[in-house]
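Working notes, structure below.
Everything numeric in this text was worked out from a predicted model, so none of it was measured. Residue numbers run from 1 in the order of the sequence given.
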Amino acid sequence: MMISTWRKRRAARLAGKQLRPECETGDIEVTIPNHFRCPISLELMKDPVTMSSGITYDRESIEKWIEAGNATCPMTNKVLRNLDPIPNHTIRKMIQDWCVANISYGIERIPTPRIPLSSEAVLEIHSKIKTACRKGDQAGCQNLAAKIKALAKESERNKRCLVATETAGVLSSAFEEFSKASFDDHVAVLEEILSSLAVLLPHDKASTYLGSDASMDCVVLFLKSEDLSTRRNAVLVLKELVPLDNRKADMLSETEGAVEVLFKLIKAPICPTATKASLLIIYHMVMSSSSSPTNAKTIATFVDLGLVSLLLEMLVDAERSICEKALGVLDGICDWDQGREKAYNHALTIPVLVRKIHRVSDLAMKFSVSILFKLCMNEKRGNGGVLVEAIQRNGFEKLLVLLQVGCEERTREKATQLLKLLNVYRSRVDCIDTVDFKNLKKPF
């Protein structure tokens with residue numbers, strides 16, 4: 001079916017090409033020779049490669065075809081014995097000569113494509129990095145890390161090759177080796193390795209080395225850097241480590257200055273990507289080992305810094321991904337008395353939570369209901385407190401709609417219990433319009 005559809009589309013495009021010449025100068029038409037066109041894109045091939053079926057395609061087009069899960073030749077529909085494309089230098093030189101011959105008609109010569117990175121070349125770089133680490137050659141290791149970063153940025157294909165050969169693990173091992181010595185003496189090579197690791201995200205294999213005490217201390221020190229790019233790289237690398245193992249989250253919580261610097265990244269954001277990464281890290285920090293003394297200290301520090309207020313103000317107009325992560329962090333903090341106390345005393349708590357039940361996503365709805373449940377179940381004030389305010393903000397009606405629309409079982413149970421709690425106060429209060437957040441001025 002896919003082949004049939006593709007052939008129809010190809011025929012239509014070919015007909016269009018015949019009607020519209022590639023270039024016109026007065027009465028002269030320049031037409032691309034058919035054997036210079038890629039059979040998939042029908043455009044002039046820039047990097048012709050031949051597959052095992054003997055058909056030549058443009059590298060970008062055939063690689064997209066293979067990445068889509070196809071293992072057959074688009075032209076012959078025969079199974080490809082080998083999925084590795086072979087550069088067709090003869091056709092490429094013919095195309096370049098044709099471009100030069102027609103340069104007066106506006107045809108630009110295609111550049112000679114760079115040779116794609118091979119796994120053998122990557123393994124050779126790995127060997128050099130390991131040798132540099134053994135010798136303590138930080139300049140050599142720094143240059144090799146920079147080379148890897150440049151190769152990864154050069155093309156998506158190179159990046160996939162570097163990831164497949166577990167380059168991140170080799171770089172992480174080098175990072176650990178240099179982090180064991182003086183940070184000040186090796187800051188340049190450590191920073192370059194960190195930058196390369198950030199380009200190769202995601203990299204699960206790196207957690208073994210970057211999770212050590214020495215490595216974690218160095219990453220946190222980079223989080224405090226004055227350079228915005230360095231701070232961004234550090235938080236992106238941490239984001240890959242912490243979710244994989246709760247012990248990494250506990251280790252980060254115990255690292256001096258980690259809590260404060262992560263809070264600063266939320267309060268004074270660098271970019272949306274860094275903000276999302278910071279929120280995700282904090283979420284795992286507050287959710288790991290919820291009864292441990294370390295976690296209690298972490299929660300207390302975040303609350304004292306003003307994280308609850310910051311999250312609520314952020315939630316007023318946050319985009320979906322940030323909103324989900326901020327609600328997740330707030331949900332974890334509201335497991336604790338000091339966190340709930342701050343939420344009780346903030347004017348935005350109930351308006352924001354009620355508003356987010358149906359406005360963002362299923363995940364945001366789940367967190368919003370969970371936070372409301374924790375606040376309402378632990379409400380001790382005689383006047384009803386958040387229960388009354390939730391009714392005034394149309395919380396009762398929104399929870400009813402939630403049950404009608406449907407949600408996961410745990411959220412349904414919490415919504416049902418919330419309705420029972422709210423029903424006690426429902427006859428005593430009148431609903432008011434939800435707060436209009438459009439003109440709300442944030443204090444930061």
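- Side-chain atoms of Glu341 and Tyr344, non-hydrogen and from C-beta on, do get closer than 4.5 Å to each other.
- Once rounded to the nearest 0.5 Å, the distance linking SG of Cys376 with CZ of Arg340 reads 12.0 Å.
- Side chain of Arg412 to backbone of Leu403: a donor-acceptor contact under 3.5 angstrom is found.
- Here the shortest heavy-atom pairing between Met51 and Asn82 reads CE-O, 4.0 Å.
- Note that OG of Ser253 and CD1 of Ile282 are 10.0 Å apart. Values are rounded to the nearest 0.5 Å.
- Across Phe178 and Cys141, no two heavy atoms sit closer than the pair CE1-SG, 3.7 Å.
- The main-chain N or O of Ala145 is found under 3.5 Å from a side-chain atom of Ser196 such that the two form a donor-acceptor pair.
- Between Arg231 and Ser225, the closest heavy-atom pair is CD-O, 2.5 Å.
- Looking at heavy atoms from C-beta onward, Pro85 lies out of side-chain contact with Tyr57 at the 4.5 angstrom threshold.
- With rounding to the nearest 0.5 Å, the separation of CD in Glu254 from OG1 in Thr298 is 8.0 Å.
- Atom CZ of Arg92 sits about 13.0 Å away from atom OG1 of Thr56, to the nearest 0.5 Å.
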Next on the checklist: Does Leu279 form a side chain to side chain contact (heavy atoms under 4.5 Å, CB included) with Leu311? I'd like the steps, not just the answer.
Outcome noted: CA-CA 10 Å; Leu279 286 169; Leu311 290 173; 3.8 Å; yes

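- Residue Glu256 qualifies as open at atom CD: its count of foreign heavy atoms under 6.0 Å is 12 or below.
- Considering every non-hydrogen atom in both Ala343 and Thr349, the closest pair reads O-OG1, 2.6 Å.
- At distances below 3.5 Å, at least one donor-acceptor pair connects side-chain atoms of Asp58 with backbone N or O atoms of Asp47.
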Item to check | Evaluation steps, side chain to side chain contact (heavy atoms under 4.5 Å, CB included), between Ser368 and Val360 | outcome: CA-CA 10 Å; Ser368 298; Val360 184; over 6 Å; no

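- Side-chain contact between Glu319 and Lys276: present, with at least one pair of heavy atoms (C-beta onward) separated by less than 4.5 Å.
- Side-chain contact between Phe222 and Leu190: present, with at least one pair of heavy atoms (C-beta onward) separated by less than 4.5 Å.
- Residue Leu171 holds its CG atom at 11.5 Å from NZ of Lys149, rounded to the nearest 0.5 Å.
- Looking only at side-chain heavy atoms (C-beta outward), Val308 and Leu312 come within less than 4.5 Å of each other.
- Under the 3.5 Å distance criterion, with hydrogens and angles disregarded, no donor-acceptor pair is assigned to the side chains of Lys420 and Thr416.
- Applying the side chain to side chain donor-acceptor pair (under 3.5 Å) criterion to Thr230, with sequence neighbours excluded, gives Glu191, Asp227.
- Under the 3.5 Å distance criterion, the side-chain polar atoms of Trp65 are left unmatched by any main-chain donor or acceptor of Cys73.
- For the side chain to side chain contact (heavy atoms under 4.5 Å, CB included) with Arg59, the qualifying choice from Cys38, Pro87, Pro113, Ser155 is Pro87, the only one to do so.
- Side-chain atoms of Cys334 and Leu375, non-hydrogen and from C-beta on, do get closer than 4.5 Å to each other.
- At distances below 3.5 Å, not a single donor-acceptor pair connects side-chain atoms of Asp331 with backbone N or O atoms of Leu327.
- In this structure, Glu108 places its CD atom where only 12 or fewer heavy-atom neighbours from other residues, nucleotides or ligands lie under 6.0 Å away.
- For the pair Ser195 (side chain) and Glu192 (backbone), a donor-acceptor distance under 3.5 Å is absent.
- Defined by atom type and a distance below 3.5 Å, a donor-acceptor pair is missing between the side-chain atoms of Ser309 and Lys342.
- Within a 6.0 Å sphere centred on NZ of Lys224, other residues, nucleotides and ligands contribute more than 12 heavy atoms.
- Looking at heavy atoms from C-beta onward, Ile270 lies in side-chain contact with Leu265 at the 4.5 angstrom threshold.
- The nearest pair of heavy atoms linking Leu252 to Val242 is CD2-CG2, 3.9 Å.
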Next on the checklist: side-chain hydrogen bond (donor to acceptor under 3.5 Å, both in side chains) for Lys366 and Ser370? Distances and angles first, verdict last.
Outcome noted: CA-CA 6 Å; Lys366 171 186 171 182; Ser370 178; over 6 Å; no

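- The backbone N or O of Lys297 sits less than 3.5 Å from a side-chain atom of Thr301, completing a donor-acceptor pair.
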Next on the checklist: What verdict does the side chain to side chain contact (heavy atoms under 4.5 Å, CB included) test give for Leu241 and Val219, after you've listed the backbone C-alpha separation in whole Å, the side-chain angles of each residue and the deciding distance to 0.1 Å?
Outcome noted: CA-CA 11 Å; Leu241 299 177; Val219 175; 5.6 Å; no

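- Scored by the side chain to side chain donor-acceptor pair (under 3.5 Å) test, Glu63 finds Arg157 as partners (sequence neighbours excluded).
- In this structure a side-chain-to-backbone donor-acceptor pair under 3.5 Å is missing from Ser173 to Gly169.
- Of the inter-residue distances, the one linking Ile299 atom CD1 with Phe302 atom CZ reads 7.5 Å to the nearest 0.5 angstrom.
- Atom CG of Asp362 has 12 or fewer neighbouring heavy atoms from other residues, nucleotides or ligands inside a 6.0 Å radius.
- A 4.5 Å side-chain heavy-atom check between Leu330 and Phe367 finds every atom pair outside the cut-off.
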Residues 121-133 side chain polar contacts: donor-acceptor under 3.5 Å, at least two apart:
from   : atom 1 : to     : atom 2 : distance (Å)
His126 : NE2    : Thr167 : OG1    : 2.9
Thr131 : OG1    : Ser127 : O      : 2.9
Thr131 : OG1    : Arg134 : NH2    : 3.3

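- Under the 4.0 Å criterion applied to side-chain N and carboxylate O atoms, Arg320 and Glu324 are assigned as salt-bridge partners.
- A salt bridge links Arg410 with Glu413: the closest approach of a Lys/Arg side-chain nitrogen to an acidic carboxylate oxygen falls below 4.0 angstrom.
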Next on the checklist: Checking Ser179 against Asp217 for the side chain to side chain contact (heavy atoms under 4.5 Å, CB included) test, could you report, in this order, the C-alpha distance in whole Å, the side-chain angles of both residues, the deciding distance, and whether it holds?
Outcome noted: CA-CA 8 Å; Ser179 66; Asp217 288 340; over 6 Å; no

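- In terms of heavy-atom proximity, Leu200 sits nearest to Val163 at O-CG2, 4.0 Å.
- Atom CD1 of Ile86 has 12 or fewer neighbouring heavy atoms from other residues, nucleotides or ligands inside a 6.0 Å radius.
- Using a distance-only test at 3.5 Å, with no hydrogens or angles considered, a donor-acceptor pair links the side chain of His358 to the main chain of Lys398.
- In this structure, the side chain of Asn158 engages the main chain of Leu117 through a donor-acceptor pair within 3.5 Å.
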